Engineer: 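Here's a structure for you.
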Amino acid sequence: GPKVLQIPSHQIIDMGQMVTLNCDPVSNHLYFYWYKQILGQQMEFLVNFYNGKVMEKSKLFKDQFSVERPDGSYFTLKIQPTALEDSAVYFCASSPDRGEKEVFFGKGTRLTVV
Amino acid sequence: GDSVTQMQGQVTLSEDDFLFINCTYSTTWYPTLFWYVQYPGEGPQLLLKVTTANNKGISRGFEATYDKRTTSFHLQKASVQESDSAVYYCVLGEASSGSWQLIFGSGTQLTVMP
């Protein structure tokens, strides 16, 4: 079936440094998402992105976070600077469009801030 | 705002047991409801979907029925197998101002003993 690829699968970074998480969405999908999951806890919505713009972001999407997808390349989540509480698994997802469509998730990037 | 409640954090069964996982939701709109399943090391994947047009979803032996009166969307399976061990998320699709996102419940860890 359709695959969302996330690179890297694990990332360890020093607090205060910048990190970029990369996502290769399903081909021809137009709607992209990032979710955050702290170990053993709930999947929490961060942001969605459509037609080059952020459509909606949650309170978890701090000012230090940004997303972009330059020229149809990777859909990225950048955190600058990182904080200890940013340690979590970040899941990228995509869907053909908005609405009642299936959303496909990647395997996640485990980010550890030390 | 919209929300999803799963009260059962963990469920442990034996093979061939009946599975029932509670889910209730809260929304001011016509809901689109999903069950997603997450296996270890993977992202969530769609198990089944229900809209107001078709109030029952069935997939791989699992079924869920949307009940508007009780705002419930419980998941059932007549006979579980060890391979069904995973985390099950009740999910509400939320559309607002051109945006679309999935709101996850807290998840139910199902463990099926051989």
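Within every chain, numbering begins at 1; the chains are lettered A, B, ... in the order of the sequence lines, protein sequences first and strands thereafter. Everything numeric here is computed off the predicted structure, so don't read it as measured data.
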Engineer: If the plane angle is over 60° it's perpendicular, under 30° parallel, otherwise tilted; pick one for B/F34 and B/W100.
Structural biologist: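 Correct class here is perpendicular.
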
Engineer: Please report the interatomic distance CG(A/N28) to OG(A/S94), rounded to the nearest 0.5 Å.
Structural biologist: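 Between atom CG of A/N28 and atom OG of A/S94 there are 10.0 Å.
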
Engineer: Look at B/G43, B/G105, B/G107 and state which one has the largest set of heavy-atom pairs under 4.5 Å with chain A.
Structural biologist: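 Going by pairs under 4.5 Å, I would pick B/G43.
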
Engineer: What part of A/Q37 gets closer than 4.5 Å to chain B, counting heavy atoms only: side chain, backbone, both or neither?
Structural biologist: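 Interface part for A/Q37: side chain.
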
Engineer: Quick one: of A/N48, A/D97, A/V89, who has the most non-hydrogen atom pairs under 4.5 Å with chain B?
Structural biologist: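 Among the listed options, the one with the most contacts to chain B is A/N48.
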
Engineer: Heavy-atom pairs under 4.5 Å with chain A: which of B/F104, B/Y36, B/Y89 has the most?
Structural biologist: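 Option with the greatest count: B/F104.
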
Engineer: Please classify the contact between A/Y50 and chain B as side chain, backbone, both or neither, with a heavy-atom cut-off of under 4.5 Å.
Structural biologist: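 Contact with chain B is absent: no heavy atom of A/Y50 under 4.5 Å.
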
Engineer: Exactly one of B/D67, B/N22, B/T5 should register a side chain to side chain contact (heavy atoms under 4.5 Å, CB included) with B/S72. Which one does?
Structural biologist: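 Going through the options one by one, the only one that passes is B/D67.
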
Engineer: Which region of B/Q101, side chain (C-beta onward) or backbone (N, CA, C, O), has a non-hydrogen atom less than 4.5 Å from a non-hydrogen atom of chain A, or is it both or neither?
Structural biologist: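 Backbone plus side chain of B/Q101, per the 4.5 Å heavy-atom cut-off to chain A.
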
Engineer: Start with the C-alpha gap between B/Q6 and B/T108, add the side-chain angles, then the distance that decides, and say whether side-chain hydrogen bond (donor to acceptor under 3.5 Å, both in side chains) holds.
Structural biologist: CA-CA 7 Å; B/Q6 288 179 251; B/T108 298; 3.0 Å; yes

Engineer: Select one option (side chain, backbone, both, neither) describing which atoms of B/E94 are under 4.5 Å from chain A's heavy atoms.
Structural biologist: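 Contact with chain A involves the side chain of B/E94 alone.
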
Engineer: Among the options A/M55, A/R110, A/K107, A/E44, pick out the one with the most heavy-atom pairs lying under 4.5 Å from chain B.
Structural biologist: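 Highest number of pairs under 4.5 Å: A/K107.
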
Engineer: Taking the ring centre of each residue, are A/F75 and A/F49 less than 6.0 Å apart?
Structural biologist: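 Yes, ring centres under 6.0 Å apart.
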
Engineer: Between A/T76 and A/N22, is any side-chain donor less than 3.5 angstrom from a side-chain acceptor?
Structural biologist: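 No - no donor-acceptor pair under 3.5 Å links their side chains.
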
